[in-house]
Amino acid sequence: MSNRTVYFDNNATTCVAPEVREAMMPFFGELYGNPSSMHAFGGQVEKYVKDARERVAEFFHARPDEIIFTSCATESDNTAIRGAAEFFGRGTKVVTTAVEHPAVLQPCRRLKAQGYEEVELPVDHVGQIDLGQLRETLKGTKDAVVSVMWANNETGTVFPIKEVAEIAKEAGATIHTDAVQACGKVDIDVTKVPVDMLAVSGHKFHAPKGIGILYVRRGTKFKPFMLGGHQESGRRAGTENVPYIVGIARACELARDGMADEAAKLAPMRDRLEAGILASCPNVIVNGDRAHRLPNTLNVGFEYIEGEAIAYRLSDAGICISTGSACASGSLDPSHVIRAMGVPFIAVHGSTRFSLSRYNTMEDVDYVLEKLPPIIAELRRMSPFGPGMDPTTYK
Ligand SMILES: Cc1ncc(COP(=O)(O)O)c(C=O)c1O
């Protein structure tokens, strides 16, 4: 085990920023009141929740009453999709893409099992949907529900979400976007992108795990998912997680202030990593849309070897990366995202994700470029597969 750690798994989770930790601390101490209490002790906490809601709203160019705090993006996605579909009832068309996170795909498939019509739009070889096909799919529908992610967690491919939202609105649909990976990396302005609902997760942009946001544009129709209390104006029951709400508001401010500089720093680091891998490792492909990609994400397919073997060997060198999405690890099934893109099967199993954050440096990139090529060369020597193999033996 190396005594150096290079954390390149920031699309799985990020560290809590010191500024966020500091902002949260008083709410684990003296400011422990319940914001819903009648007394002044609780009331003083309520004003911090109000203030956090205003700061979050400002970050998304939204109004405070359009912000709902949730426990995670999985809850936000479920609330948006199931809540909107259930408002319109059985038979409603639910349209999504084949490359969504399971937090979107699973609720859509559950709705299908319950009598809703579900469509998963295919993607091309870089992971983009066909906007004409979306338009066709929505033709003749009434009150459809559309969920298309802003950016893909595995490849970093950024979707043309403004155009997607405009097409959905023209068709009278409710449009939700999972913006979990976009948040903090690209500008999210709901005055420019006409989505009705938008989900983000604190732990993907330096707030803690266990806090999410659901933006709901005024007038959007949905049935609340969490029932049992009047919190969040009756749209999400459950006592407010005050420290984490304050924390995610601080994380939004840090993202607002640092995003442009961060993108300018991360893209060259990611590009150097990409160029270095392509130069030092033969039989490698880059997965995703290189022209429309998050600045921090690189997904490469190493042909003829297993991503898991690469990840374990890198882990011994103190380097943290992912194969597929972290949520799917523990299963040896190849990633549904990479498969949906039609990546050649010889590279599917070796698909590996490197995701950077504001805390990484060029030295981290160079360390990975020093350790990775010999690992790939050794795994290739051990692999029973290689160019000229019989494709039926490896699927
Ligand atoms: C695109 C995307 N959506 C949703 C989620 C789920 O987020 P959370 O961990 O907050 O439930 C993730 C987490 O990996 C993600 O990457």
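Remember, it's 1-based here, ligands and their atoms both numbered in the order they're listed.
- Near S201, with a cut-off below 4.0 Å to any heavy atom, the atoms of ligand 1 are 8 (P), 10 (O).
- Of the possible polar contacts, one joining the H206 side chain to the C15 backbone as a donor-acceptor pair under 3.5 Å is found.
- The nearest non-hydrogen atom to atom 9 (O) of ligand 1, considering only K204, Q181, H203, comes from H203.
- Geometrically, ligand 1 and A73 share a nitrogen or oxygen pair separated by less than 3.5 Å.
- By the criterion of a heavy-atom distance under 4.0 Å, both the backbone and the side chain of T74 are placed next to ligand 1.
- Under 3.5 Å, the side chains of T297 and N11 contain a donor-acceptor pair of N or O atoms.
- Of the listed residues (V126, L298, N299), just one forms a side-chain contact (heavy atoms from CB on, under 4.5 Å) with R293, and that residue is L298.
- Distance check: K185 NZ to N10 CG gives 7.5 Å after rounding to the nearest 0.5 Å.
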